[in-house]
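Scroll down for the structure; my scribbles are underneath it.
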Amino acid sequence: MTRQGAYKESDDMLIDEPKLPQQGQIAALPNEFNPSYLKIYYSKLFPHADLYRWMSYGNDGKHPACDSSYLGRREFSYTLDNDIFVRYNTFNSATELENSIKDKCPLKIDIGPIYNLNPARRNAYAGDNVLTPVERELIFDIDMSDYDDVRYCCSGADVCLNCWPLMTVAVKVIDTSLRDDFGFRHILWVYSGRRGVHCWVCDRKARRLTNEQRAAVADYFRVYKGNENNYKKVSLMGQVLHPFLARSYTEVLKEYFETKLLTSQNLLSSEERYEKILEMIPDQSIASELRGKWQESRRSSSAKEDINIVRWEQLKQLLQKHKAQVVRRCVEEIVFTYTFPRLDMEVSKHMNHLLKAPFCVHPKTGRVCVPINPNNCEEFDPTTVPTLIQLLEELNREGLRSDVEGEWNKTSLANAIKLFRSSFLQPLLKICKEEMESSYNAKLQQSKNLLSW
């Protein structure tokens with residue numbers, strides 16, 4: 001648990017500030033996370049300017065239509081050492097933001113909404129509920145621990161390459177739907193640093209969705225509705241699948257279930273595991289027939305055949321030739337149960353929810369929260385994501401120089417920052433400028449029309 005503290009300008013939130021080591025002093029760093037090393041990370045590697053440009057959405061003062069108060073109404077939250085939680089930090093410039101991060105060295109930076117007023121001065125306003133969120137990215141949080149009932153390699157916060165394909169499936173399914181079904185274009189996927197992924201939908205129309213509209217979008221992705229007390233956690237209704245579900249099944253879910261998860265998780269290799277699947281079959285005669293086959297022969301007919309694949313084909317053959325649609329549909333329901341994305345619904349439904357900023361360092365793993373390219377997310381390997389210690393050792397080999405900007409370019413963080421800029425930030429800011437110019441010109445034309453009238 002964290003201790004929440006209201007931010008006041010007089011608050012003295014001082015933490016230890018270690019001196020930057022001289023060249024050659026980082027070589028023997030212990031292979032674990034150390035808050036002291038964040039001082040170097042924030043000083044040399046963290047992309048402060050990129051974070052500012054993103055959060056400003058073109059309101060950088062360079063255009064007459066810029067909203068000068070825009071960034072100053074955005075909440076930034078810090079988690080400091082000893083679980084000190086400081087909310088409602090606000091900044092009016094890139095310099096203020098960068099200096100604050102370097103000064104406080106937060107273990108985590110969370111980003112909140114844009115409010116109608118400066119949230120840092122919320123106590124100065126009179127009345128109840130005066131401070132109101134008015135803009136916020138549509139966000140999604142997917143955590144691997146929510147899949148613990150369908151993975152056997154790991155549990156809780158642990159993740160490996162056998163279960164990570166579940167996150168790959170989530171990125172593929174949701175990203176495709178956000179673009180094709182909702183028309184969003186500016187979507188950022190970020191590795192959480194430990195056991196999941198975060199999604200930021202940053203289109204203007206997404207940022208201005210109401211809580212009710214956000215809840216509707218989140219519910220569109222809600223298929224898994226079970227809990228530990230019921231065996232059937234997915235029910236696919238109707239004569240045919242919804243186009244979104246049908247596309248997800250044929251293009252992503254079926255392949256990943258049959259070629260990766262079925263064997264990597266050994267879903268049908270033991271009685272304990274296959275009983276979970278047999279319980280989902282509505283026709284007990286089919287379940288009993290399969291149970292009998294699998295209990296009699298604990299090994300596949302051929303040593304070259306994986307027992308999980310053999311049993312899955314047997315199950316599909318019996319179910320798909322059944323006359324009742326509810327039974328035939330069971331194959332799809334099993335696949336959806338084991339693979340379909342599981343969202344933290346509350347994170348997506350409310351504008352005032354905080355979400356960790358990209359490029360933070362996860363204190364449990366030391367790994368940086370780097371962007372994921374949805375176009376080749378199957379190539380993303382969480383075990384190779386740069387760690388804080390690794391980055392400092394790379395800096396040390398190059399030599400620490402206090403007068404050099406962009407030292408990240410000499411480390412394994414370079415590809416992540418380049419990806420963030422090229423595939424997300426630059427296209428986003430281009431559209432923001434175009435929208436701003438269009439709105440400005442429309443207002444000018446309206447003023448001219450009024451004057452001529």
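Values below: all heavy atoms of this structure, side chains included; hydrogens, waters and symmetry mates excluded. Numbers here are sequence positions counted from 1.
Ion pair D181/R247 flagged as a salt bridge, since at least one NZ, NE, NH1 or NH2 atom sits closer than 4.0 Å to an Asp/Glu carboxylate oxygen. Residues D143 and R195 are paired through a salt bridge, judged by an N-O separation under 4.0 Å between the basic side chain and the carboxylate.
In terms of heavy-atom proximity, G366 sits nearest to V361 at O-CG1, 3.4 Å. The shortest heavy-atom contact between Y147 and P341 is OH-CA, 3.2 Å. Minimum heavy-atom separation, L45 to L413: O-CD2, 4.0 Å. Of all heavy-atom pairs between V130 and L117, the closest is CG1-CD1, 3.4 Å. Contact record, R342 with V150: NH2-CG1, 3.5 Å, taken as the closest heavy-atom pair. Contact between C202 and E137 at its shortest, heavy atoms only, is SG-CG, 3.7 Å.
In this structure, D141 has no salt bridge (Lys or Arg N to Asp or Glu O under 4.0 Å) partners at least two apart in sequence or on a different chain. Y42 meets the ring-ring contact (aromatic ring centres under 6.0 Å, His included) test with F46; sequence neighbours excluded. A search for ring-ring contact (aromatic ring centres under 6.0 Å, His included) contacts involving H350 returns nothing, not counting sequence neighbours.
A distance of 11.5 Å separates CG in L166 from OH in Y338, rounded to the nearest 0.5 Å. Taken from CD in E279 to CD1 in I277, the straight-line distance is 11.5 Å, to the nearest 0.5 Å. In this structure, I187 CD1 and I174 CD1 are separated by 10.0 Å, a value rounded to the nearest 0.5 Å. In this structure, CG on N34 lies 14.0 Å from NZ on K39, to the nearest 0.5 angstrom. Between the CE atom in M167 and the NZ atom in K172 there is a gap of 14.5 Å [rounded to 0.5 Å]. Atom CZ of R73 and atom CD of E135 lie 8.0 Å apart (nearest 0.5 Å).
Side-chain contact check for M436 versus S439: every heavy-atom pair is 4.5 Å or farther apart. Within the 4.5 Å cutoff, side-chain heavy atoms of T383 are placed close to those of L161. Counting heavy atoms from C-beta on, the side chains of F380 and V385 come closer than 4.5 Å. Side-chain contact between F184 and L138: present, with at least one pair of heavy atoms (C-beta onward) separated by less than 4.5 Å. Within the 4.5 Å cutoff, the side chain of L355 has heavy atoms near those of the R136 side chain. No side-chain heavy atom of Y249 sits under 4.5 Å from any side-chain heavy atom of F340. Between D175 and R179, the closest side-chain pair of non-hydrogen atoms falls below 4.5 Å. For the pair P427/I431, no side-chain contact is recorded, criterion being any heavy-atom separation below 4.5 Å from C-beta on.
Between the side chains of E346 and H353, not a single donor N or O lies within less than 3.5 Å of an accepting N or O. Between the side chains of Y78 and D110, no donor N or O sits under 3.5 Å from an acceptor N or O. In this structure, a donor-acceptor pair under 3.5 Å is absent between the side chains of T90 and Y115. No hydrogens or angles considered: nothing links the side chains of T176 and D180 as a donor-acceptor pair under 3.5 Å. Side-chain contact of D148 with S155: a donor-acceptor pair under 3.5 Å is absent, judged by distance alone.
A donor-acceptor pair under 3.5 Å links the side-chain atoms of N211 to the main chain of M351, judged by distance alone. Between the side chain of K356 and the backbone N or O of S192 there is at least one donor-acceptor pair closer than 3.5 Å. Formation of a donor-acceptor pair under 3.5 Å by the E333 side chain with backbone atoms of L236 is found in this model. The backbone N or O of E434 sits nowhere less than 3.5 Å from a side-chain atom of S438 that would complete a donor-acceptor pair. A distance-only check finds no donor-acceptor pair linking the side chain of S100 to the backbone of E96 [under 3.5 Å]. Distance alone, capped at 3.5 Å, places no donor-acceptor pair between the S177 side chain and the V173 backbone. With Q265 contributing its side chain and Y152 its backbone, the two residues share a donor-acceptor pair below 3.5 Å. With hydrogens and angles ignored, the 3.5 Å screen pairs no side-chain donor or acceptor of D83 with any backbone N or O of L80. In this structure, N59 contributes its side chain and S56 its backbone to a donor-acceptor pair below 3.5 Å. Panel note: side chain S69, backbone G72; no donor-acceptor pair is recorded below 3.5 Å.
A cation-pi arrangement, defined by a distance under 6.0 Å to the six-membered ring centre and an angle within 45 degrees of its axis, is absent between R204 and Y57. With a 6.0 Å cutoff to the six-membered ring centre and a 45° limit on the axis angle, R74 does not count as a cation-pi contact of F91. A cation-pi arrangement is not found for R367 relative to Y191, the charged atom failing to lie both closer than 6.0 Å to the ring centre and inside a 45° cone about the ring normal. Geometrically, K260 engages Y256 in a cation-pi contact defined by less than 6.0 Å to the ring centre and at most 45° from the axis.
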For E437 and K433, what are the C-alpha separation, side-chain angles and deciding distance, and is it a salt bridge (Lys or Arg N to Asp or Glu O under 4.0 Å)? CA-CA 6 Å; E437 182 69 18; K433 293 294 186 182; over 6 Å; no
Starting from the C-alpha separation in whole Å, work towards a yes-or-no answer on salt bridge (Lys or Arg N to Asp or Glu O under 4.0 Å) for K102 and E98.
CA-CA 6 Å; K102 289 180 177 179; E98 179 173 352; 2.7 Å; yes
* To do: Would you sort out whether D344 and F140 count as a side chain to side chain contact (heavy atoms under 4.5 Å, CB included), showing the intermediate values?
  => CA-CA 7 Å; D344 186 331; F140 299 95; over 6 Å; no
Query raised in the report: Can you list the steps and then say if E75 with R87 is a salt bridge (Lys or Arg N to Asp or Glu O under 4.0 Å)?
Result: CA-CA 7 Å; E75 176 185 0; R87 291 196 60 181; 2.8 Å; yes
Q. Step by step, would you call L391 with K44 a side chain to side chain contact (heavy atoms under 4.5 Å, CB included)?
A. CA-CA 10 Å; L391 293 172; K44 299 290 183 180; over 6 Å; no
> Step by step, would you call T365 with R194 a side chain to side chain contact (heavy atoms under 4.5 Å, CB included)?
Replying inline: CA-CA 6 Å; T365 63; R194 190 179 192 186; 3.6 Å; yes
Verdict with supporting geometry, R53 and D60, salt bridge (Lys or Arg N to Asp or Glu O under 4.0 Å) | CA-CA 8 Å; R53 293 174 66 209; D60 52 9; over 6 Å; no
N373/W189 under side chain to side chain contact (heavy atoms under 4.5 Å, CB included): CA gap, chis, key distance, verdict = CA-CA 7 Å; N373 187 344; W189 287 94; over 6 Å; no
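Taking the six-membered ring wherever Trp is involved, the centroid distance between the rings of F76 and Y88 does not fall below 6.0 Å.
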